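Read the structure below first, then the notes.
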Amino acid sequence: MSNIKPSLAKGTRDFSPAEMVRRNYIFDTIKTVFRKYGYAEIQTPAMENLQTLTGKYGDEGDKLIFKILNSGDFLKDPKKRGFDFAAEENSNKLTPLISEKALRYDLTVPFARYVVMHQNEISLPFKRFQVQPVWRADRPQRGRYREFYQCDADVVGSDSLLNEAEFACIYDEALRTLGLRDYTIKLNNRKILSGIAEMIGKPELIIDMTVAIDKLDKIGLDGVSKELLERGFSPSDLDMLKPVILLQGDNTTKLDSLKSVLSSSETGQKGIEELQTVLQYIERLQPALTNEIVELDITLARGLNYYTGCIFEVKTNEVAMGSIGGGGRYDDLTGMFGLKGLTGVGISFGADRIYDVLEELNLFPDAASLGTRVLITNFDVASEDFALPLLSRLRQAGISAELYPAAAKLKKQFAYADAKGIPYVLIVGSEEIQSGKPAVKNMVTGEQEHRSIVELIEMLKGD
RNA sequence: GUGGUUUUAGCUCAGUUGGUUAGAGCGCCUGAUUGUGGUUCAGGAGGUCGUGGGUUCGAGCCCCAUAUUCCACCCCA
């Protein structure tokens, strides 16, 4: 066995016990809110058939899918089919011959596959949530990993805009429960963007238009104008676009101005109506949300091309960080798997980014109450004999307890408790065994006193 | 995929134009304290300088390749 230096695969991370406590706190909070709104959890495999995933995320996305090499002699198949290694310029045509499986790239496409495969068992509307890792062969950066967790909630088979409104509430409730105080839930509608493109008379350039104006807060109006010109828009198009992009005021004001600007576009009007309905629903569900936190943002485009209606994006205003969540409606979610006419709408929380935000704002609750509550020190065989039944009694009472596994020096045992953040240490030496009252030391205050076992259990339970 | 950047002790980082034996803080271990952590004091261990080549009398420092970290694009959670 050669001496290999241990290292992590690029863009992946280990999670220590302390980190897991915090990550689970985030996951549990989000899951609890999902359940509260009627979403049920599912899981799908880490790997899917490559065919299931390719072509769903665009050319860029396909490149970022982690493929799994076939087992055995994976070159056998291309050889048998007469694959001409010398003639092919790149490996694209070889890929399907040597790889049949890939790691999931997101949770939405596997969910669509799930719905189609289980259509006879599920009843519509079907509301599911899913918290699992996804993998992307992207170049890692801060807040950007090759393995990261998505927390998705989607509903299929309901075109009601109540779903959209409830997602805004879910975002609000989860983020508020996690301790965030200043965040914005941005809302837009793909139909409005289509309407704008129609208005200019260049509906075919909608993707180019949205990609460019999505960058407004990043590169400013001048940057956006420059990019629009590069992408095939004329200066007169820009004159028509500018007032729309720079729309100011509260949500009602924005919608009113859009109504007149997009009066010629049926699609645009539809989008405005949808947003109005969503905002009305939110107002009745959670009046504090409207205008305070939910903000209509025409420049919000999001990369995914399959959104057809409402689009969400959530940003925190307390820390400089990319979006911590996003989502939207996609008509015909399952069409790619042969099940037509099913509409879906969903959102996603970026748990890894939320972690960074909570850490920066110091919002994680004290982890001390979650680990071992009490450590029993170990002197010798006699003290072990006394400690073992006590250990069981403590655990039966629901108290997380440990006996130090060796008769090490007390100094070492105390240092262990200290390093692990265990708040109480029991000392059971010969005196304590005789009296039946262990000494209990509070590691925070340093106080130490003798307690009967009954008193001890009461104290540790109540605390 | 494009351009830059980082890598030296367990961790965070110094290290002069290329020149003896590569340093600090924190952490770790031992003792002061045979029944007491966190504070204090004394002592100690720990480094193929990311990896592989090259230049040189001599390389942590210069050159090439490669991996890795972080950053800006592209894109995205």
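Letters A, B, ... are given to chains in the order of the sequence lines, protein chains preceding strands, and every chain is numbered from 1. Since we're looking at a predicted model, the values are computed, not measured.
The aromatic rings of Tyr114(A) and Phe126(A) lie parallel to each other, their planes meeting at an angle below 30°, with 60° marking the opposite boundary. Note: Tyr416(A) and Tyr404(A) have perpendicular aromatic rings, judged against thresholds of 30 and 60 degrees for the angle between ring planes.
As judged by a 4.0 angstrom heavy-atom cut-off over every strand, Lys315(A) is placed among residues making no nucleic acid contact. Counting any heavy atom pair closer than 4.0 Å across all strands shown, Ser348(A) reaches no nucleic acid atom. Counting non-hydrogen atoms under 4.0 angstrom, Tyr145(A) reaches a base of the nucleic acid. Using a 4.0 Å heavy-atom distance criterion, Gly327(A) is classed as making no nucleic acid contact. At the heavy-atom level, Gly58(A) lies nowhere under 4.0 Å from the strands shown.
As rounded to the nearest Å, C11(B) and C71(B) have C1' atoms that lie 23 Å from one another. Comparing U69(B) with U12(B), their C1' atoms sit 15 Å apart, to the nearest whole Å. Here the separation of C70(B) from U6(B), taken at their P atoms, is 14 Å to the nearest Å. A9(B) and G46(B) are spaced 6 Å apart, taking the C1' atom of each and rounding to whole Å. For G53(B) and G31(B), the C1' atoms lie 48 Å apart once the distance is rounded to whole Å. For A59(B) and G54(B), the P atoms lie 12 Å apart once the distance is rounded to whole Å. Rounded to whole Å, the C1' atom of U20(B) lies 30 Å from the corresponding atom of C64(B). Separation of the C1' atoms belonging to U7(B) and G60(B) is 12 Å when rounded to the nearest angstrom.
The interatomic distance linking Asp352(A) (CG) with C76(B) (P) rounds to 18 Å, in whole Å. For the pair Ile219(A) CD1 and C74(B) C1', the interatomic distance rounds to 13 Å; values are reported in whole Å. Going from atom CG of Asp59(A) over to atom P of C74(B) covers 18 Å, rounded to whole Å. In this entry the distance linking CD of Glu60(A) with C1' of C73(B) reads 12 Å, nearest Å. For Tyr105(A) and A77(B), the OH to C1' distance is 10 Å, given to the nearest whole Å. With rounding to whole Å, Asp214(A) atom CG is found 9 Å from C76(B) atom P. Taking atom CG on Asp106(A) and atom P on C76(B), their separation rounds to 12 Å, with Å as the unit. When the C1' atom of C76(B) is taken as reference, atom OH of Tyr57(A) falls 13 Å away, rounded to whole Å.
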Inset, instruction - Evaluate the criterion side-chain contact (heavy atoms from CB on, under 4.5 Å) for residue pair Arg353(A) and Thr316(A); output intermediate values, then yes/no. - result: CA-CA 10 Å; Arg353(A) 285 186 178 174; Thr316(A) 169; over 6 Å; no

Inset, instruction - Using the salt bridge (charged side-chain N to carboxylate O under 4.0 Å, His left out) rule, take Arg22(A) and Glu359(A) through it: C-alpha gap first, then chi angles, then the decisive distance, then the call. - result: CA-CA 9 Å; Arg22(A) 294 167 158 212; Glu359(A) 182 150 77; 2.8 Å; yes

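Asp237(A) and Ser234(A) share a donor-acceptor pair across their side chains, judged by distance under 3.5 Å alone. In summary, the side chains of Asp217(A) and Thr299(A) do not present any donor paired with an acceptor at a separation below 3.5 Å, with no hydrogens or angles considered.
Rounding to the nearest 0.5 angstrom, the gap separating the CZ atom in Phe129(A) from the CZ atom in Arg35(A) is 4.0 Å. Rounded to the nearest 0.5 Å, atoms CD (Glu166(A)) and CD1 (Ile282(A)) are 10.5 Å apart.
Comparing Lys218(A) and Gly143(A), the nucleotide of RNA chain B nearest to each residue sits closer to the 5' end for Lys218(A). Across the interface with RNA chain B, nearest-nucleotide mapping of Ala9(A) and Arg136(A) shows Ala9(A) to be the residue nearer the 5′ end.
The side-chain ring of Phe148(A) is stacked on the base of A77(B), judged by centre separation under 5.5 angstrom and plane angle under 30 degrees.
Secondary-structure annotation of RNA chain B gives the stems B:1-4 with B:70-73, B:10-13 with B:23-26, B:28-32 with B:40-44, B:50-54 with B:62-66, with a stem taken as at least 3 successive Watson-Crick or G-U pairs whose two distances both fall under 3.5 Å.
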Which pairs would a plain distance check flag for residues 384-394 of chain A, meaning a side-chain donor or acceptor within less than 3.5 Å of a matching protein atom at least two apart in sequence or in another chain?
from, atom 1, to, atom 2, distance (Å)
Glu384(A), OE2, Asn378(A), ND2, 3.0

Considering only distance and modelled atom types, tabulate donor-acceptor pairs under 3.5 Å from the side chains of residues 433-446 of chain A, sequence neighbours left out.
from, atom 1, to, atom 2, distance (Å)
Ser435(A), OG, Glu431(A), O, 3.4
Ser435(A), OG, Glu432(A), O, 3.3
Ser435(A), OG, Lys437(A), N, 3.2
Asn442(A), OD1, Val444(A), N, 2.8
Asn442(A), OD1, Thr445(A), N, 3.1
Thr445(A), OG1, Glu447(A), N, 3.2

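Ion pair Glu173(A)/Lys36(A) flagged as a salt bridge, since at least one NZ, NE, NH1 or NH2 atom sits closer than 4.0 Å to an Asp/Glu carboxylate oxygen.
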Inset, instruction - Scan nucleotides 1-7 of chain B nucleotide by nucleotide, 5' to 3', and note B when protein non-hydrogen atoms come under 4.0 Å of the base, S if they reach only the sugar-phosphate, - if neither. - result: -BB----

Inset, instruction - Summarise how protein sits on nucleotides 31-43 of chain B as a single string, 5' to 3': B when a protein heavy atom is under 4.0 Å from the base, S for sugar-phosphate-only contact, - for no contact. - result: S---BBBB-----

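Within the structure, every pair that satisfies the salt bridge (charged side-chain N to carboxylate O under 4.0 Å, His left out) test and touches residues 411-426 of chain A, not counting sequence neighbours, is listed here: Glu402(A)-Lys420(A).
A heavy-atom distance below 4.5 Å is found between the side chains of Val109(A) and Tyr57(A).
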